[in-house]
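A short write-up of the structure that comes next.
Position 1 is the first residue of the sequence; numbering continues from there. All heavy atoms count here, side chains included; hydrogens, waters and symmetry mates do not.
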Amino acid sequence: MARRFLFPLGVLLGVLLGFILIQPNDLTDFQTHLALLLDEFEFDVSLPRFPQLDLSSVENEWRKLRNSIPEPWKLNTNGLEFTVGETIAARGLSAKHPVVLVPGIISTGLESWSTAPEYRPFFRQKMWGGFSMLSQVTFNREKWLNGLLLDPVTGLDPPGAKVRAAEGIDAASSFIQGYWLWSKIIENMAAVNYDTNNLHLAPYDWRLSYSNLEVRDSYFSKLKATVEGFVFKWVESPQHGNGGPDWVENHIEAVIHIAGTHLAKAMAAFLSGEMKDTVQMNPAGAYVLERFFSRRERRKLFHSWSGSASMWIKGGDAVWGNTTFAPDDVDNRNQTHGELIAFRETVVKALGEHINNMTADTASNWILEHTPEHFQKMIATNYSYGIERDEESLKQNALDHTKWSNPLEVQLPNAPTTKIFCVYGHGKETERSYWYTREAYEYDEVQPDATPAICENATNCFTPRAPLDMPLSRKSMIDAEYTDNALNPKVLNGVKMGEGDGTVSLLSLGAMCVEGWKRKRWNPAGMQVTTVELPHKPVGTIPRGGGTTADHVDILGNTALNEIILKVATGAAHEVKDNFVSNIREYAKRVQWD
Ligand SMILES: *[C@@H]1O[C@H](CO)[C@@H](O)[C@H](O)[C@H]1NC(C)=O
Ligand SMILES: *[C@@H]1O[C@H](CO)[C@@H](O)[C@H](O)[C@H]1NC(C)=O
Ligand SMILES: *[C@@H]1O[C@H](CO)[C@@H](O)[C@H](O)[C@H]1NC(C)=O
Ligand SMILES: *[C@@H]1O[C@H](CO)[C@@H](O)[C@H](O)[C@H]1NC(C)=O
Ligand SMILES: *[C@@H]1O[C@H](CO)[C@@H](O)[C@H](O)[C@H]1NC(C)=O
């Protein structure tokens with residue numbers, strides 16, 4: 001029997017890709033996360049303040065600062081280094097299955113490879129992640145922005161620019177030196193005999209659509225080759241090169257989704273470019289975008305990164321609810337999450353325009369109508385967000401790449417003995433639905449389509465004949481003035497809070513794991529799916545919450561998560577059992593699966 005392969009995903013994005021993202025939801029968190037990194041460091045400079053500051057002095061300052069912080073408070077330590085690994089090693093367990101880590105979107109560092117004169121100063125410098133990003137954003141804002149934008153039509157590098165994912169384990173072990181991402185897991189794995197021969201990190205350019213990841217970088221082919229390389233001696237499959245129906249069964253021992261964003265969301269970023277409160281992002285990245293770029297610029301970036309469309313809401317009303325009900329509504333509620341986007345009566349009156357509250361389906365089309373035409377086309381040709389219940393159609397979808405990033409429209413592979421683990425946090429307030437408002441009419445230079453399109457669904461948008469006043473448009477945004485703690489669920493700055501890990505809502509994290517994949521329709525081989533919920537109990541005195549935080553990103557340093565990964569990797573997967581701290585099983589039953 002072939003030696004199997006362990007494949008922990010950051011967070012499943014479609015078939016293979018992972019996301020580890022964060023959104024600094026509340027200021028306290030944001031402060032602890034970033035205070036040292038940027039603010040206390042006095043990086044909250046308005047741009048011209050330190051024109052003479054260069055990269056090396058920034059780095060030196062940062063090092064000095066870090067050296068003066070007592071050990072347990074350093075951002076890159078949590079006092080638990082190697083401890084989980086040592087405990088597991090003490091039991092006599094050791095590396096068994098090779099491991100591939102797939103980092104989350106926005107965690108992979110990106111570097112410039114352009115030799116065009118205007119980009120030469122950036123050559124091999126990090127455009128995303130690392131100190132060079134900070135200094136470039138500060139002193140070279142325009143170039144930085146242009147370098148990271150993709151061509152709106154091809155979704156590839158624009159002329160002159162060339163940005164590629166950084167390579168190796170360092171590409172996503174920390175975002176900026178001192179802000180760890182995968183480092184804790186890597187340390188613990190090293191303690192049970194993992195090293196570069198049996199541990200691989202698979203960084204990728206998360207700005208690209210899946211299809212372009214393969215077209216430009218051969219990402220999936222390389223990933224497959226890596227996996228096969230680990231198992232090479234044991235596999236002499238005639239289908240080698242083509243995969244074939246048994247490939248997963250023969251190559252993958254287990255998949256661990258860490259805080260997997262299965263039915264994701266980032267809708268406000270598409271519509272209004274709101275990042276900090278809506279985009280799941282690593283806090284340093286969100287900080288940079290929020291701080292240095294206007295909402296309009298952020299929206300433009302987001303629309304050019306076709307990879308971001310994988311965070312579009314999936315399953316529509318069947319999963320997310322209607323005007324009167326949502327599967328994850330709590331008892332004694334005053335409002336429903338099913339109204340994904342709602343407008344206050346006063347707002348509607350002030351606008352003098354009729355506008356309805358929207359559910360996932362209607363909101364999805366409305367948002368799409370307010371995106372540029374190139375983005376609509378990209379979505380229509382590369383993504384799909386519905387729910388497919390017919391088994392024949394599900395089988396057919398295996399041949400349609402647009403369906404692969406939506407677990408509701410494809411079946412799990414035919415791999416009866418490959419195990420799936422969903423591990424995620426619960427107990428941190430998470431945004432779930434929104435109150436919106438609209439600005440007065442104004443000219444909007446960014447929207448390339450002056451005439452709003454009409455979208456019947458994600459594959460069917462059309463632009464009616466241009467009316468005469470076409471360059472006028474209204475901008476929509478989160479109704480940030482609206483806060484009401486007396487409501488249930490409460491409203492914070494226009495966001496209706498729900499359950500989750502602080503970034504991703506509970507339904508997205510758990511519904512597929514506890515219900516969807518328990519059905520033959522989506523899991524024909526009956527692959528075993530184990531769900532482990534970890535309660536969010538951060539240690540207040542440690543900047544990133546220590547070993548018991550279950551925050552979307554900081555969970556990578558969580559002791560229980562590290563134990564699970566090591567157990568699965570060292571062949572003790574049978575010790576990992578279902579564990580629930582939320583009502584996900586009840587909520588998921590209320591989704592309209594049938
Ligand atoms: C969308 O998919 C098609 C293949 O169906 C591909 O040719 C095109 O480049 C993709 N667009 C983007 C932006 O990835
Ligand atoms: C909303 O969904 C619930 C549960 O599926 C259903 O009972 C209710 O009739 C629906 N309401 C509307 C307005 O469609
Ligand atoms: C919301 O509902 C609760 C009961 O569940 C009630 O006590 C409270 O007054 C309601 N709040 C508003 C603003 O209607
Ligand atoms: C949207 O829903 C809320 C509460 O459910 C309601 O107060 C408001 O009037 C609705 N707005 C519109 C435009 O129908
Ligand atoms: C989208 O709408 C068009 C026209 O109403 C319809 O023909 C098509 O089947 C729909 N596509 C999906 C995926 O629902």
Side-chain angles (χ1 to χ4, degrees), residues 10 13 17-22 55 101-116 118-152 154-177 179-182 201-210 212-220 222-223 269 275 279-290 292-293 297-298 300-311 553:
L13 197 189
L17 281 198
F19 280 74
I20 276 287
L21 317 149
I22 194 172
L55 177 60
L101 308 168
V102 181
I105 195 173
I106 310 212
S107 351
T108 297
L110 302 175
E111 56 187 41
S112 175
W113 278 86
S114 171
T115 58
E118 70 266 36
Y119 291 112
R120 246 178 232 181
F122 302 132
F123 186 70
R124 300 278 346 264
Q125 302 245 2
K126 284 242 181 91
M127 302 282 282
W128 188 261
F131 279 100
S132 53
M133 169 173 94
L134 295 182
S135 79
Q136 283 169 25
V137 164
T138 314
F139 306 115
N140 261 316
R141 209 171 142 282
E142 283 307 309
K143 284 229 180 81
W144 182 87
L145 191 63
N146 290 335
L148 274 189
L149 276 170
L150 290 170
D151 183 293
T154 62
L156 297 167
D157 297 305
K162 192 171 183 188
V163 170
R164 294 291 177 269
E167 295 265 292
I169 281 191
D170 279 342
S173 44
S174 9
F175 184 72
I176 284 180
Q177 193 204 5
Y179 192 90
W180 52 264
L181 296 172
W182 290 89
L201 190 130
Y204 57 96
D205 186 344
W206 40 266
R207 301 169 307 152
L208 301 187
S209 63
Y210 298 108
N212 277 338
L213 262 176
E214 180 64 19
V215 168
R216 195 194 75 179
D217 296 344
S218 307
Y219 180 75
F220 299 105
K222 282 188 204 156
L223 192 57
M275 295 274 171
V279 181
Q280 312 160 348
M281 205 177 255
N282 119 18
Y287 180 89
V288 165
L289 290 178
E290 286 274 322
F292 296 102
F293 298 94
E297 288 166 323
R298 297 195 298 260
K300 189 174 165 193
L301 265 177
F302 217 66
H303 286 155
S304 98
W305 296 341
S306 19
S308 66
S310 54
M311 293 191 277
V553 168

**Request:** Give, for atom CG of Leu156 and atom CG of Asp217, the distance between the pair rounded to the nearest 0.5 Å.
**Result:** 9.0 Å

**Prompt:** Would Lys162 and Thr115 satisfy side chain to side chain contact (heavy atoms under 4.5 Å, CB included), going step by step from the backbone distance to the final call?
**Reply:** CA-CA 8 Å; Lys162 192 171 183 188; Thr115 58; over 6 Å; no

**Message:** Taking the basic N atoms (NZ, or NE/NH1/NH2) and the acidic carboxylate oxygens, is any pair closer than 4.0 Å for Lys126 and Asp170?
**Reply:** no

**Prompt:** Taking the side chain as C-beta and beyond, is there a heavy-atom pair between Leu208 and Val215 under 4.5 Å?
**Reply:** no

**Prompt:** Looking only at heavy atoms, what is the nearest atom pair of Leu110 and Val163, with distance?
**Reply:** CB-CG1, 3.6 Å

**Request:** Would you mind reporting whether Ser112 and Gln125 have side-chain heavy atoms less than 4.5 Å apart?
**Result:** no

**Message:** Looking only at side-chain N and O atoms, does Glu111 offer a donor or acceptor that is under 3.5 Å from a partner on Trp113?
**Reply:** yes

**Prompt:** Where the side chain of Ser114 meets the backbone of Gly160, is there a donor-acceptor pair that is under 3.5 Å apart?
**Reply:** yes

**Asked** Short question: side chain of Ser209, backbone of Gly307 - any donor-acceptor pair under 3.5 Å?
**Response** no

**Asked** Would you say Asp157 and Arg164 make side-chain contact, with heavy atoms under 4.5 Å?
**Response** yes

**Message:** Looking at every non-hydrogen atom in both residues, tell me the closest pair between Trp180 and Ser174 and how far apart they are.
**Reply:** CA-CB, 3.8 Å

**Asked** Between Phe220 and Tyr204, is any pair of side-chain heavy atoms under 4.5 Å apart?
**Response** no

**Request:** Indicate yes or no for a side-chain donor-acceptor contact from Tyr219 to the backbone of Asn212 under 3.5 Å, with no hydrogens or angles considered.
**Result:** no

**Prompt:** Mind checking whether Asn140 and Phe122 have side chains closer than 4.5 Å, heavy atoms only?
**Reply:** yes

**Complete:** Here the pair of heavy atoms bringing Ser304 nearest to Leu150 is OG-N, 2.9 Å

**Asked** Has the side chain of Trp144 got a donor or acceptor atom that lies under 3.5 Å from a matching backbone atom of Met127?
**Response** yes

**Prompt:** With a 4.5 Å limit on heavy-atom distance, are the side chains of Leu145 and Lys300 in contact?
**Reply:** no

**Prompt:** How far apart are the C-alpha atoms of Glu118 and Lys143, what are their side-chain angles, what is the distance that settles it, and do they pass the side chain to side chain contact (heavy atoms under 4.5 Å, CB included) test?
**Reply:** CA-CA 8 Å; Glu118 70 266 36; Lys143 284 229 180 81; 3.5 Å; yes

**Prompt:** Tell me, do Pro103 and Leu201 make a side-chain contact under 4.5 Å, heavy atoms counted?
**Reply:** yes

**Request:** Can you see which heavy atom on Ser306 is nearest to which on Gly155, and at what distance?
**Result:** OG-CA, 4.3 Å

**Asked** Does the side chain to side chain contact (heavy atoms under 4.5 Å, CB included) test come out yes or no for Trp182 and Ile169, once each step is laid out?
**Response** CA-CA 9 Å; Trp182 290 89; Ile169 281 191; over 6 Å; no

**Close side-chain approach of Arg141 and Glu297, heavy atoms under 4.5 Å** = yes

**Request:** Taking all heavy atoms of Ala171 and all of Ala166, pick out the closest pair and write down the distance.
**Result:** CB-O, 3.5 Å

